[in-house]
Amino acid sequence: MVSAGATSNKCRQSLGNGFTRIDVRPVSGTLGAEILGVDLNQADEETIEQIHRAFLRYHVIFFRDQSLSIDSHKDFARRFGTLNIHPQYVPLRGHPEVLSVTKEPLDIHNVGGLWHSDLTFLERPPMGSILYALEVPDWGGDTQFANQALAYESLTEACQNLLSGLRALHSDRGLSERKEAQKRNATRSLKIAESAMDQPPVASLHPIVRTHPQTGRKSLFVNRAFTIHFEDMTEEESRPLLNFLYEHAVKPEFTCRFRWKKHSIAMWDNRCVQHYALNDYSGKRRHMHRVTVDGDKPF
Ligand SMILES: O=C(O)CCC(=O)C(=O)O
């Protein structure tokens with residue numbers, strides 16, 4: 001496992017240096033890089049360190065033609081931290097740390113069909129997720145990613161100052177509230193567990209602008225799926241500025257788009273990236289496994 005402190009120092013020293021164990025090909029000028037020349041079943045410590053460095057530098061990294069069993073998927077994820085068990089979704093049978101992110105031909109809704117960061121209602125939202133494609137449609141089902149550090153940096157200094165020190169409440173109420181959960185369950189294959197319904201909402205206050213624990217870079221940390229309102233303000237009072245931030249955060253110039261193939265992997269840094277799964281492949285099947293790595297309390 002990569003130790004956060006050790007990697008932090010190492011990464012600060014070596015970001016920008018060449019990679020010797022992997023071939024790193026950026027996919028846009030904004031974020032995202034494809035990593036070639038590696039079999040994730042065979043990656044040694046040095047290779048993992050370089051993958052981690054590419055991850056910190058490009059925020060989302062992609063691999064092709066990987067052959068991962070469920071256990072090797074989890075083993076790879078464990079090299080970056082402990083594994084998250086999703087509090088609401090029913091996991092893959094026998095594997096509480098794995099979600100089956102699947103859309104069947106007759107499903108109406110997909111998973112992640114709006115811009116979001118994962119699980120931001122937790123006190124310690126995930127550091128990242130690793131999504132592995134088992135079956136993809138011939139066309140459609142791409143995923144978009146948006147660089148939240150760049151989104152923050154492109155705000156005016158006056159707006160950055162206005163946001164600094166503000167916090168917002170993030171809640172899972174849209175997932176766990178019974179009516180909402182039942183609506184989702186009726187049209188989607190990934191189900192919200194009965195036991196998660198009618199529980200008091202899981203909610204946490206987080207800074208609007210968070211500092212990346214390993215690179216020190218600041219990024220916007222709000223998302224339409226889970227952010228509810230600014231601290232000590234009503235939802236109505238919060239809405240105009242939040243809506244501005246949601247739209248600003250995903251401008252096309254902050255994004256890249258990934259075209260999946262069978263056995264591709266995307267690994268995103270949930271601390272500084274939002275993502276959006278396109279639902280444009282009606283009548284086709286798309287089947288992925290997701291493993292998520294725990295993160296830190298945002299500051
Ligand atoms: O299926 C995808 O491309 C992404 C799914 C998603 O949004 C998620 O796993 O959080």
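As the structure lists them, so they are numbered: ligands from 1, and atoms in each ligand from 1.
A perpendicular orientation is assigned to the rings of Phe121 and Phe226, their planes being inclined by more than 60° (bins at 30° and 60°). Between His73 and His289, the ring planes lie parallel to each other; the angle is under 30°, not in the 30° to 60° tilted range. Using cut-offs of 30° and 60° on the angle between ring planes, the pair Trp268 and Phe145 is tilted.
Atoms of ligand 1 lying under 4.0 Å from any heavy atom of Leu131, numbered from 1 in the order shown and given with element: 1 (O), 2 (C), 3 (O), 4 (C). Close approach to Ala277 involves these atoms of ligand 1, each under 4.0 Å from a residue heavy atom: 1 (O), 2 (C), 3 (O), 4 (C). Every atom of ligand 1 with a heavy atom of Thr143 under 4.0 Å away is listed here by number and element: 2 (C), 3 (O). Taking every non-hydrogen atom of His275 and a distance limit under 4.0 Å, the qualifying atoms of ligand 1 come out as 6 (C), 7 (O), 8 (C), 10 (O). Proximity to Val101 (heavy-atom distance under 4.0 Å) selects the following atoms of ligand 1: 1 (O). Near Asp118, with a cut-off below 4.0 Å to any heavy atom, the atoms of ligand 1 are 10 (O).
Using a cut-off of 4.0 Å between Lys/Arg side-chain N and Asp/Glu carboxylate O, Asp65 and Lys261 are scored as not salt-bridged.
Between Gln50 and Thr20 there is a side-chain heavy-atom pair separated by less than 4.5 Å.
A donor-acceptor pair under 3.5 Å is absent between the side-chain atoms of Gln66 and the main chain of Ser264, judged by distance alone.
Counting protein heavy atoms only, atom 5 (C) of ligand 1 is closest to Val111 O, 3.6 Å. With hydrogens left out, the protein atom closest to atom 7 (O) of ligand 1 is His116 CE1, 3.0 Å, a heavy atom. Taking atom 1 (O) of ligand 1 as the reference point, the nearest protein heavy-atom neighbour is Arg286 NH1, 2.8 Å.
Counting heavy atoms closer than 4.0 Å to ligand 1, residue Leu99 contributes nothing at all.
For the pair Arg224 and Tyr246, the cation-pi criterion (under 6.0 Å, within 45° of the ring axis) is not fulfilled.
For ligand 1, the polar-atom distance check finds an N/O of Arg290 within less than 3.5 Å of one of the ligand's N/O atoms.
Between His263 and Phe63, the ring center distance fails the sub-6.0 Å criterion.
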